[in-house]
Amino acid sequence: MRLTCPICGARDRREFYYQGDAVALDRPAPGAGVQAWDDYVHLRDNPAGPRRELWHHEAGCGAWLVVERNTTTHEVHGVTLAMAVAEARR
Amino acid sequence: MGELVGTSPCAGVLPLTIGDVQAVEVELGHLTSIAPFAGQATAASVALEAAHGMPLPKANCTTGKEGARAIWFGRDMALLAGPTCDPAVAKHAALTDQSDAWAAVTLSGPSAEDVLARLVPVDLRSVSFKRGHTARTLLKHMNGSVTRLGPESFLILVFRSMARTLAHDLKEAMEAVAARG
């Protein structure tokens with residue numbers, strides 16, 4: 001598996017660390033309530049198919065990336081800097 | 001107080017010559033990481049060029065030349081190797097002295113590419129990785145920096161604490177390449 005880092009280019013999977021679902025980018029407001037925080041911290045779906053995940057280019061440039069990939073076909077649809085995703089929301 | 005004797009990171013394990021490849025430790029001088037403050041990359045580059053004659057390198061590239069080189073070192077970061085970084089650059093970037101933190105080794109010879117092909121998961125052939133190109137990547141299991149210095153010559157940087165592992169991994173790969181004849 002190869003991921004195309006927006007900074008470094010196409011690199012081997014070994015250079016990346018897998019963090020999990022990109023839910024970390026959707027942090028609830030401090031007063032959002034127990035249910036919202038419980039969901040955010042603990043509850044994850046585990047679907048087969050298209051996923052949106054956070055990966056860290058640990059052995060490369062050090063950037064956090066949002067990777068869209070399909071776990072059933074192994075296609076990688078897109079890699080974006082997590083910072084760019086966060087800035088686009090502001 | 002007794003006389004303190006400086007020891008280089010690879011003392012006792014390098015140089016190595018196996019087949020047609022040499023691994024030699026190099027003394028790069030001062031090492032300073034330059035991390036421009038948010039939105040000040042251009043100003044930092046201008047300050048670096050005014051002080052040391054080369055701008056900040058783009059991703060996967062180096063600027064300058066032997067003795068005073070700026071090596072791209074990760075996202076929004078470069079490593080100045082050689083001179084002590086001019087304090088004027090500190091107005092626009094965070095400077096950190098890393099002089100004793102890295103082991104620096106050159107790998108050279110006709111089969112140097114073949115040796116690195118066994119250790120680095122990046123295509124380092126001259127077609128895609130030209131002189132002055134650099135990569136933050138893995139050397140076997142270590143994070144490191146690889147830069148092409150010439151047609152048959154590479155500069156490798158790893159954490160100083162990994163110097164002996166680097167020498168060991170290079171030795172194994174050099175022996176394996178040499179054994180193929």
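Just so it is clear, the structure is predicted and the values come from calculations on it, not from any experiment. By convention in this document, chain letters (A, B, ...) are assigned in the order of the sequence lines, proteins followed by strands, and residues within each chain are numbered from 1.
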Grouping I, L, V, M, F, W and Y whenever their side-chain heavy atoms are under 4.5 Å apart, do B/Leu80 and B/Phe159 come out in a common cluster? no
Which atoms of A/Arg14 come close to chain B, meaning under 4.5 Å heavy atom to heavy atom: side chain ones, backbone ones, both, or neither? both
Quick check: are there more than 12 heavy atoms from other residues, nucleotides or ligands sitting under 6.0 Å from OH of A/Tyr17? no
Which atoms form the tightest heavy-atom contact between B/Asn143 and A/Glu58, and what is the distance? ND2-O, 3.4 Å
Answer yes or no: does atom NE2 of B/His141 have more than 12 heavy-atom neighbours from other residues, nucleotides or ligands under 6.0 Å? no
For B/Lys171, does the NZ atom sit with more than 12 other heavy atoms under 6.0 Å from it, leaving out its own atoms? no
Which heavy atom of A/Ile7 sits nearest to which heavy atom of B/Asn60, and what is that distance? O-ND2, 3.6 Å
Correct closest heavy-atom pair for A/Glu15 and B/Pro121 would be OE2-CG, 4.0 Å
Residues, nucleotides or ligands: over 12 heavy atoms within 6.0 Å of B/Glu66 CD: no
B/Arg75: which of A/Cys61, A/Cys8, A/Cys5, A/Pro6 passes side-chain contact (heavy atoms from CB on, under 4.5 Å): A/Cys61
